[in-house]
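Just so it is clear, the values below take in all heavy atoms, side chains as well, and ignore hydrogens, waters and symmetry mates.
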Amino acid sequence: MIRPATVADAAAIGEVHVASWQAAYAGLIPADFLAGLSAESRAASWARRIGDGGPVLVAEEDGAIAGFAAYGDGRLYALYLLPEYWGRGLGRELHDRVVEELSGDSVVLWVLSTNERAKAFYVRQGWVDDGATQTETIDEGRVTLEERRFRRSLP
């Protein structure tokens with residue numbers, strides 16, 4: 001089931017966020033940074049976003065939150081699943097629901113340039129790498145992320 005997130009979901013979203021980053025970005029982002037990620041810190045951030053009305057959807061399976069997506073303003077900001085749900089179609093379902101919710105002619109997202117799995121997923125969903133790049137720093141400037149922009153027309 002895919003539904004809008006509530007503030008009560010923030011703890012589970014924080015857990016998904018950290019677990020998926022640690023699995024998806026292993027070998028792509030420094031291990032010490034990934035090991036230091038805090039589900040509680042992420043949960044607080046997600047509670048603020050949800051409480052402020054930022055659109056977030058959660059995907060539930062067997063009553064537990066297995067993934068989430070954040071979007072708005074012509075952009076898909078985040079789409080993450082617990083690693084045990086990868087490759088089972090839940091990410092596609094969550095993605096498709098987000099696309100239904102978005103409005104405008106096209107939307108964008110940014111993907112870590114070295115994350116081949118994510119880039120392949122988005123290409124399968126109709127996104128195109130438009131050639132734009134950006135560099136983002138996190139962890140007080142200690143971690144640099146090189147990202148590529150993908151664009152998709154909306155139906």
Side-chain angles (χ1 to χ4, degrees), residues 2-5 9-10 13-34 36-37 41-43 45-60 65-155:
I2 296 172
R3 63 171 175 78
D9 297 321
I13 292 170
E15 293 286 340
V16 170
H17 198 171
V18 169
S20 62
W21 267 59
Q22 288 173 335
Y25 299 143
L28 306 178
I29 294 178
D32 59 332
F33 171 77
L34 292 173
L37 290 174
S41 173
R42 296 305 322 150
S45 177
W46 286 111
R48 282 190 301 278
R49 178 178 171 83
I50 296 164
D52 290 343
V56 178
L57 296 174
V58 293
E60 288 183 329
I65 292 177
F68 73 95
Y71 60 96
D73 301 320
R75 184 170 170 190
L76 173 56
Y77 291 102
L79 193 158
Y80 293 106
L81 297 174
L82 289 170
E84 57 265 31
Y85 291 95
W86 293 356
R88 294 175 43 188
L90 192 56
R92 182 182 31 76
E93 290 178 38
L94 189 54
H95 168 272
D96 291 351
R97 176 71 181 275
V98 167
V99 169
E100 289 173 10
E101 298 287 327
L102 288 164
S103 60
D105 295 331
S106 67
V107 290
V108 298
L109 61 82
W110 291 91
V111 179
L112 189 65
S113 62
T114 54
N115 189 342
E116 298 302 326
R117 180 184 185 98
K119 291 189 302 185
F121 171 81
Y122 289 117
V123 166
R124 285 192 307 272
Q125 307 316 312
W127 296 78
V128 176
D129 182 339
D130 70 8
T133 61
Q134 73 178 8
T135 301
E136 182 180 356
T137 58
I138 57 176
D139 195 29
E140 299 175 1
R142 291 186 288 262
V143 176
T144 301
L145 306 175
E146 301 290 334
E147 298 174 313
R148 306 238 0 137
R149 186 173 66 193
F150 283 68
R151 184 174 300 279
R152 184 183 194 276
S153 297
L154 291 176

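- Glu147 and Ser113 share no donor-acceptor pair across their side chains, judged by distance under 3.5 Å alone.
- Note on ring orientation: taking the six-membered ring where Trp is involved, the planes of Tyr25 and Tyr80 are perpendicular (angle over 60°, cut-offs 30° and 60°).
- Residues meeting the side-chain contact (heavy atoms from CB on, under 4.5 Å) test with Ser153, sequence neighbours left out: none.
- Distance check, rounded to the nearest 0.5 Å: OG of Ser20 to CD of Glu15 gives 11.0 Å.
- Contact of the Ile13 side chain with the Ile50 side chain is registered, since non-hydrogen atoms from C-beta on lie closer than 4.5 Å.
- Considering only residues two or more places apart in sequence or on other chains, Arg97 meets the salt bridge (Lys or Arg N to Asp or Glu O under 4.0 Å) condition with Glu101.
- Contact between Arg151 and Ser106 at its shortest, heavy atoms only, is NH1-OG, 3.5 Å.
- Residues Leu102 and Arg152 form no side-chain contact, since every pair of their non-hydrogen atoms from C-beta on lies 4.5 Å or further apart.
- With contacts defined as side-chain heavy-atom distances shorter than 4.5 Å, the pair Tyr71/Leu79 does not qualify.
- Here OH of Tyr122 is found 9.0 Å from CG of Asn115. Values are rounded to the nearest 0.5 Å.
- Separating the CG atom in Asp32 from the CD1 atom in Ile29 is a distance of 11.0 Å, to the nearest 0.5 Å.
- Shown here for Leu76 and Ala69, the closest heavy-atom pair between the two residues is CD1-CB, 4.5 Å.
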Could you walk me through whether Asp9 and Phe68 pass the side chain to side chain contact (heavy atoms under 4.5 Å, CB included) check?
CA-CA 10 Å; Asp9 297 321; Phe68 73 95; over 6 Å; no
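- Summarising the geometry of Val143 relative to Pro30, their closest heavy-atom pair is CG1-CD, 4.1 Å, with the distance given to 0.1 Å.
- Nearest heavy-atom pair, Ala19 versus Leu82, reported as atom, atom and distance to 0.1 Å: CB-CD2, 3.9 Å.
- Under the 30°/60° scheme for interplanar angles, the aromatic rings of His95 and Trp127 are found to stand perpendicular.
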